[in-house]
**Student:** 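Quick one: structure below, then a few questions.
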There are 2 protein chains.
Amino acid sequence: MTTIYDVAARAGVSPATVSRVFNGGNVSPEKARAVRRAAEKLAYTPNRAARALRRQTSDVIALVVTDIENPFFTAMARGVEEVALAAGFSVVLCNSDGDLAREARYFDIAIAEHMAGVVLVPAEPATDVGRLVEHARPVVTVDRGLPLAPVDSVVADDLTGGRQGTGALYDKGFTRVGCITGPRGAETAEKRSGGWREVFAQRSPGSDPREYVVHADYRVNGGRRAMADLLALNEPPDAVFVANNLMAVGALEALHQHGLRPPGFGMAVVGDVPYAPLALTGMDVVPLPARLIGATAAQVLLERIRGDSQPVRTIVLRHELPELENGAAAGS
Amino acid sequence: MTTIYDVAARAGVSPATVSRVFNGGNVSPEKARAVRRAAEKLAYTPNRAARALRRQTSDVIALVVTDIENPFFTAMARGVEEVALAAGFSVVLCNSDGDLAREARYFDIAIAEHMAGVVLVPAEPATDVGRLVEHARPVVTVDRGLPLAPVDSVVADDLTGGRQGTGALYDKGFTRVGCITGPRGAETAEKRSGGWREVFAQRSPGSDPREYVVHADYRVNGGRRAMADLLALNEPPDAVFVANNLMAVGALEALHQHGLRPPGFGMAVVGDVPYAPLALTGMDVVPLPARLIGATAAQVLLERIRGDSQPVRTIVLRHELPELENGAAAGS
DNA sequence: TTGTAGGCGTTATCAC
DNA sequence: GTGATAACGCCTACAA
C-alpha cells in the first residue's frame, strides 16, 4: 500500500502538501507537478477508508433495490448513475430482494462506510430508515414513498397511469377490462388499480369491480396465476390491465395457454417489458419513466448531500417522457 | 456516531473488551452480555471505515459487470450474492458499461475501500487488473477470461454451446444456418461462432462461412442490423445461430419486418431471453448457467480471500445445468 | 506557501 | 480475562 508519505518522500515535500494537491489546497505549481509525478510513478491511490474515516463521508452513493433482475430497476439505475457519475460520485447497487433484514444490512453498510447517501426502493412500507436519518445520511426513495419517514421521494403518477392504461383498452372497444395488480398495501399497486377501478366503474357499470381485480406479487408466476383466475370467471373479461411488466409476461403466458393473445384479447401494462418486443405486439404500454425517476432522485439526493435543507418533498413524474429539466414537483 | 468508547462506558468496560465481544475474543459471559446490551441500546454499528483501515480488509466484495441491464449479468449477480451472503460477505454491483475508464475507477474504489475481492466481467481483453493484483485483491473473471492476467476465471463452454445450437438447427432440417456473433476479439463471440463454423462447414459444405457470419455488438440494435444483413444475401440463410440473448431480440425484430419468425425461420440463441417467453416460441435456447457461473466464481473468490494459493485456474461450466457441487475444472 | 501534529474509530499487541 | 496504547492513512487546524 503506497501512502501519502511515500509520495511525499519521493516528491521531497510534506504529506500535507500531497494531500493539498489532491484536495485543491494552495500549492506551488512546481511542487504540485513533482507530487503528481511521484504519485503517478508509485501508482498511488488515496485510501478511501482512511479518507472516509477522517472526513466522515465518502463519495459513494448506494442504490438499494428490491429486485435486481427487474429491468425497471436496472433502467432506473442507469438514470441514477448518469447523474451521480457526472457529479463525481460513484454508485454501488445493492439488492435487498424485498427482504427487510437484507435491506437493513445494507443500511448499516451505508452508514458504516460513510456513504454519502442512499437512493432506495423500499422493501416494504414498514422499511425503517431511522438509522440512516439519525446518522444524517440523505435518503431519497424511488418508485414508492415512505409516508411516515422524513425523506424525499420520486414516484410515477400511478393513478393517472392506471386510468390511461385502462381507458385505452375501453377506447379500443373492449367491454370488460380486468385488472391484475400488485400486493395489497403496496403503494404502486393500490394507485394503479385505483386508476383502473375508476374507469372500470364508469365503463362497466353493471359489473362488480371486486370480481375483476386480482392481487398478485408483481412477479411472472403471480401474473400467470392471476390471469388464469380472471379467465376462469363466469363472465371473463375481454381485456386486462396489468400493473407491472413482469406480471404482464406471466399473463401473456396464461393467455397463450387459452389460445388467446393481444390484440385479440386486450392488454395494457404499466412499464416497458424490455427485450420482449414481439410479445408486446398488440399490447398497450403505459411507459414508466424509469431512467428519469432515477436521474431525478439522484439530483435530489445530491442537493441534500450538499446541504440543501428544503422541506421534504415528493416529486411525481408523468408517464409521458418529459425533459429532464421540467421534473414537475408536487407538494407532499 | 456512537463509538466503541460509548458502548464501553455504558457497559463499564474498556473499549478493547467491546471489540473482543464483536470479534470473538475471550470475554467473560457477564461482561459480554453487558456489552451487547449497551450496544443494542445505543444502536451501535461498528465503523467499517475504521475497521477497514485497521484490518486492511473489509467484508464487501465488488461485482463489476459490463451491462447492468443485461439479464444474463443480473442472473449471475444472484449467484454471486447467494454464496457471498451465506459466507457473511456483502456484494455491491458496479456497472462499467464496457468502459475501461469506468472499470478502472471501480478497481480503484475496490482497492481504496479495502474490499475483499472482485468478481469481474472484463470490459475488454485489454482490461488491466494489475493494480488489483499488486494490492493483493483476489479477482475472478466471469463469462470471459483474461488470459494474460494471473487470475481465476469461470466461463461457459462456449465452443460446445456454438456447436449445439447450430447442430440443433440442422437437425431440424434447416439447410443453411447463418451466425450472428459478438465483437471481433471478444472471447465468447469467437468461441461461439467457432462452434457454429465447425458445424456449418460440415453441414453446408458448398457455402463460404465468411459470408454467413456477421459480427455485431451484443446488443439489440446490433442484432437487428445483423439479421437484416443476413437476409439481404443472395442466398439468405433459412436459420440463424445467435451468440447472445440481446441480439436475438433484435434479430427477431428484423425477421418480423420480413414477415418471418421462428419456428418457420430457424433460430437458436445462447442464453435465456428472460421475460420474453412468447417471443421464444420456436426458438432453441442453449441455456447459459448464469447463476451457477456467479455462484462458482464467488466460491473461488472466497477461497482466494481465505488464502488459498493454488495455481490459477479456469473453470469451464457446461451449458446443461449441473449440480453446484460438480463444477468441473479444466486446467488453464 | 509549507510543515507539524492531532485525531477520526478500530483492532491488536502488550502488559497486568 | 482485561485494560492501556500504538498504529492503520488521511485531512486540517495551527504555526511558521
Side-chain angles (χ1 to χ4, degrees), chain A residues 1-36 38-39 42-60 108-116 134-137, chain B residues 1-36 38-39 42-60 108-116 134-137:
Chain A
M1 191 84 216
T2 118
T3 79
I4 210 173
Y5 283 86
D6 304 324
V7 178
R10 194 176 221 276
V13 300
S14 79
T17 301
V18 177
S19 174
R20 286 187 194 108
V21 169
F22 286 102
N23 297 289
N26 270 341
V27 180
S28 72
E30 313 90 70
K31 300 217 170 189
R33 226 175 312 117
V35 167
R36 280 186 210 292
L42 299 174
Y44 167 73
T45 312
N47 182 320
R48 298 172 92 102
R51 176 178 279 178
L53 178 57
R54 173 63 227 236
R55 292 217 271 217
Q56 304 282 42
T57 180
S58 80
D59 56 2
V60 174
D108 279 346
I109 292 183
I111 292 169
E113 302 254 21
H114 298 283
M115 290 189 189
E134 284 164 22
H135 287 86
R137 303 277 163 234
Chain B
M1 190 87 219
T2 118
T3 80
I4 209 172
Y5 282 85
D6 304 324
V7 178
R10 194 175 221 276
V13 300
S14 79
T17 299
V18 177
S19 174
R20 280 193 272 262
V21 169
F22 287 102
N23 297 287
N26 270 342
V27 180
S28 72
E30 313 90 69
K31 299 215 170 185
R33 224 174 315 117
V35 167
R36 281 187 210 291
L42 299 174
Y44 167 74
T45 312
N47 182 320
R48 298 172 92 99
R51 174 179 281 179
L53 177 59
R54 172 65 225 223
R55 291 217 273 214
Q56 305 281 43
T57 181
S58 79
D59 56 2
V60 175
D108 280 347
I109 292 182
I111 292 169
E113 302 254 21
H114 298 282
M115 290 188 189
E134 285 165 22
H135 287 86
R137 303 275 165 239

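Just so it is clear: chains get the letters A, B, ... in the order the sequence lines come, proteins before strands, and each one is counted from 1.
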**Student:** Would you give me the side-chain donor-acceptor pairs under 3.5 Å for residues 26-36 of chain B, sequence neighbours excluded?
**Tutor:**
none

**Student:** If you look at every strand shown and take non-hydrogen atoms under 4.0 Å, does A:N26 touch a base, only sugar-phosphate, or nothing?
**Tutor:**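 Contact class for A:N26: base.
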**Student:** Is there a donor-acceptor contact under 3.5 Å from the side chain of A:S58 to the main chain of A:H114?
**Tutor:**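 Here the side-chain-to-backbone pair exists.
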**Student:** For B:T57, enumerate each residue passing the side chain to side chain donor-acceptor pair (under 3.5 Å) test, keeping only those at least two apart in sequence or located in another chain.
**Tutor:**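 Not a single residue meets the side chain to side chain donor-acceptor pair (under 3.5 Å) criterion with B:T57.
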**Student:** Could you pull out all donor-acceptor pairs under 3.5 Å where a side-chain atom in residues 14-22 of chain B meets a protein atom, sequence neighbours excluded?
**Tutor:**
unit_1: B:S14; atom_1: OG; unit_2: B:A16; atom_2: N; d: 3.3
unit_1: B:S14; atom_1: OG; unit_2: B:T17; atom_2: N; d: 3.4
unit_1: B:S14; atom_1: OG; unit_2: B:T17; atom_2: OG1; d: 3.4
unit_1: B:S19; atom_1: OG; unit_2: B:N23; atom_2: ND2; d: 3.3

**Student:** If you look at every strand shown and take non-hydrogen atoms under 4.0 Å, does B:T45 touch a base, only sugar-phosphate, or nothing?
**Tutor:**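 Sugar-phosphate: the residue B:T45, judged by heavy atoms under 4.0 Å, touches backbone atoms but no base.
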**Student:** Which parts of residues 12-24 of chain A get close to DNA chain D, meaning a heavy atom less than 4.0 angstrom away?
**Tutor:**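 Output list: A:A16, A:S19, A:R20, A:N23.
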**Student:** Going from CD1 on B:I111 to OG1 on A:T45, what distance comes out if it is rounded to the nearest 0.5 angstrom?
**Tutor:**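 Answer for the CD1-OG1 pair, B:I111 versus A:T45, is 5.5 Å.
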**Student:** Residues in salt bridge (Lys or Arg N to Asp or Glu O under 4.0 Å) with A:R137, at least two apart?
**Tutor:**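 For A:R137, no residue satisfies salt bridge (Lys or Arg N to Asp or Glu O under 4.0 Å) once neighbours in sequence are set aside.
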**Student:** Look at all strands and tell whether A:I4 reaches a base, only sugar-phosphate, or nothing, counting heavy atoms closer than 4.0 Å.
**Tutor:**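 Sugar-phosphate contact only - A:I4 comes under 4.0 Å of backbone atoms but never of a base.
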**Student:** Below 4.0 Å from chain B heavy atoms, what is the first contacting nucleotide of DNA chain D and what is the last?
**Tutor:**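 That gives a stretch of D:dG1 to D:dG9.
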**Student:** Considering residues at least two apart in sequence or located in another chain, which fulfil the side chain to side chain donor-acceptor pair (under 3.5 Å) criterion with A:R48?
**Tutor:**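 Result, side chain to side chain donor-acceptor pair (under 3.5 Å) vs A:R48: A:D59.
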**Student:** When you look at A:N47 and B:E113, which way does the side-chain contact (heavy atoms from CB on, under 4.5 Å) test go after all the steps?
**Tutor:** CA-CA 7 Å; A:N47 182 320; B:E113 302 254 21; over 6 Å; no
**Student:** For DNA chain D, whose closest nucleotide is more 5', that of B:K31 or that of A:R54?
**Tutor:**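 On the 5' side of the pair lies B:K31.
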**Student:** Would you call B:M115 and B:I109 a side-chain contact if the rule is heavy atoms closer than 4.5 Å?
**Tutor:**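 Yes, their side chains come closer than 4.5 Å.
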**Student:** Note the angle between the end axes of the helix from C:dT1-D:dA16 to C:dC16-D:dG1, five pairs defining each, rounded to 10 degrees.
**Tutor:**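 Answer for the end axes of this duplex: 40°.
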**Student:** Which side-chain N or O atoms in residues 2-11 of chain A pair as donor and acceptor under 3.5 Å with protein atoms at least two apart or in another chain?
**Tutor:**
unit_1: A:T3; atom_1: OG1; unit_2: A:Y5; atom_2: N; d: 2.9
unit_1: A:D6; atom_1: OD2; unit_2: A:T3; atom_2: N; d: 2.7

**Student:** First contact, last contact: which nucleotides of DNA chain C are these for chain A, 5' to 3', heavy-atom distance under 4.0 Å?
**Tutor:**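 First-to-last contact on DNA chain C, by the 4.0 Å heavy-atom rule, is C:dT1 to C:dG9.
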